[in-house]
**Student:** 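Please read through the structure below; I'll follow up with questions.
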Amino acid sequence: MRRLPMSLPLNGLRRAAETVVRRALMSGGREIADIEVFPGQFARLHLRDNRCEKRVFAGSRTWDDAERAEIRQRMAAHSGDRPFVFVDAGANAGLYTLSVLADARNLGKPVKVIAVEPDPENRRRLEFNLTASTADDVTVAPVALGAEVGEVHLSVSGRNRGEVHVEEGGDGVTVPLRPLGQVLTENGIDRVDVMKIDIEGYETPVLNAFFADSPRNLWPGMILIETRHDAAIEDSAAGLCLKHGYSVAKQMRQNAVLVLQDGEV
């Protein structure tokens, strides 16, 4: 049943069919499903408390298809023997990471992924999915990203684990806080091809410190960043990137693709 909508054109009809199939398969109280989420990549999806896991259950081709196509195109253009480096900042259950791994296998490209996920439960799901997919090219960083070294509290939403976020002065689970540049260098990264960053409103302090403290060769050639909550892109974390030499390559409904204007870093 999950595969039925995949034969339809990639438009509103397919999305509607995915919704019908998803509701039918979840109507019996199903909470967990083990599936091949992308070709050669497997995941245990939790359907009741994480929106992205629920969406991809019956819509793995439609889920963030425009965003993932941009990453795929960048990977296809990647040349040389150096691995394609992808940073998944706010990895959640690892769906973007698994998508990149599937594309790398399909394109025959070497890849290295840094998946940053501070929440213990989301990270447990991420690591389970990586093990199920025998993903050897992924390093998991169990930290929250911030402007400096320290500790921070996480606030967890019971309805959607994708909304886990840093809460300064809160009383949630305490996790290590590390600057993005430090996480990259400690994991042997000296260049980044693409970074997806979705850390629920904490992007600005992270990127502000990163651009101030990290050498330009470490800046990602392409950044995928959420913009749906921003009234004006100029006043957002994406706007901060624009001030540091990035331009908008594509604007989606929820996210923007930014590229460094001087090309390869």
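If you read the sequence from its start, that first residue is 1, and numbering goes on from there. Since this is a predicted model, take the numbers as computed values, not measurements.
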**Student:** Which heavy atom of V152 sits nearest a heavy atom of A144, and at what distance?
**Tutor:**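 Of all heavy-atom pairs spanning V152 and A144, the closest is CG1-CB, 3.9 Å.
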**Student:** Tell me, with the steps shown, if W219 and L260 meet side chain to side chain contact (heavy atoms under 4.5 Å, CB included).
**Tutor:** CA-CA 8 Å; W219 297 8; L260 203 55; 4.2 Å; yes
**Student:** Please report the interatomic distance CD1(I197) to SG(C241), rounded to the nearest 0.5 Å.
**Tutor:**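 Answer rounded to 0.5 Å: 8.0 Å.
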**Student:** For A43 versus V37, what's the shortest heavy-atom pair and its separation?
**Tutor:**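 Looks like CB-CG1, 4.0 Å.
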**Student:** Can you tell me how far the CG atom of N129 sits from the CG atom of L95, to the nearest 0.5 Å?
**Tutor:** 7.0 Å
**Student:** Between W63 and Y96, does the ring centre distance come in under 6.0 Å?
**Tutor:**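 Between W63 and Y96, the centre distance is under 6.0 Å.
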**Student:** One pair to check against side chain to side chain contact (heavy atoms under 4.5 Å, CB included): E127 and E117. What are the steps and the verdict?
**Tutor:** CA-CA 10 Å; E127 291 173 340; E117 179 50 57; over 6 Å; no
**Student:** Measure the spacing between CD1 of I114 and CE of M195 and express it to the nearest 0.5 Å.
**Tutor:**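 One finds 12.5 Å between CD1 of I114 and CE of M195.
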**Student:** Decide yes or no for R22 and L47: does some side-chain heavy atom of the first lie under 4.5 Å from some side-chain heavy atom of the second?
**Tutor:** no
**Student:** Checking side-chain hydrogen bond (donor to acceptor under 3.5 Å, both in side chains) for the pair T97/D88: CA distance, chi angles, key distance, verdict?
**Tutor:** CA-CA 7 Å; T97 289; D88 194 351; 2.8 Å; yes
**Student:** Could you tell me whether the side chain of E167 reaches within less than 4.5 Å of the side chain of L154, counting heavy atoms only?
**Tutor:**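 A side-chain contact under 4.5 Å is absent here.
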**Student:** Output the distance between atom CD1 (I223) and atom CG (L207), rounded to the nearest 0.5 Å.
**Tutor:**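 Going from the CD1 atom of I223 to the CG atom of L207 covers 6.0 Å.
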**Student:** Between F38 and R61, is any pair of side-chain heavy atoms under 4.5 Å apart?
**Tutor:** no
**Student:** Nearest 0.5 angstrom please: I35 CD1 to E53 CD, how far?
**Tutor:**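 Answer rounded to 0.5 Å: 10.0 Å.
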**Student:** Is R15 salt-bridged to E18, going by a charged N under 4.0 Å from an acidic O?
**Tutor:** no
**Student:** When rounded to the nearest 0.5 angstrom, what distance separates CZ in F42 from CD in E36?
**Tutor:**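 That separation rounds to 4.0 Å.
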**Student:** Which heavy atom in M6 sits nearest to a heavy atom in S60, and how many Å separate them?
**Tutor:** CE-OG, 3.4 Å
**Student:** Applying side chain to side chain contact (heavy atoms under 4.5 Å, CB included), run through L130 and L126 and close with a yes or a no.
**Tutor:** CA-CA 6 Å; L130 294 176; L126 163 67; 4.0 Å; yes
**Student:** I'd like to know whether R161 forms a side chain to side chain contact (heavy atoms under 4.5 Å, CB included) with V156, so could you lay out the CA-CA distance, the side-chain angles of the two residues, the decisive distance to 0.1 Å, and finally the verdict.
**Tutor:** CA-CA 6 Å; R161 297 202 66 88; V156 179; 3.5 Å; yes
**Student:** Do R105 and Q41 come close enough that some side-chain heavy atom pair is under 4.5 Å?
**Tutor:**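 Heavy-atom side-chain distance check passes, below 4.5 Å.
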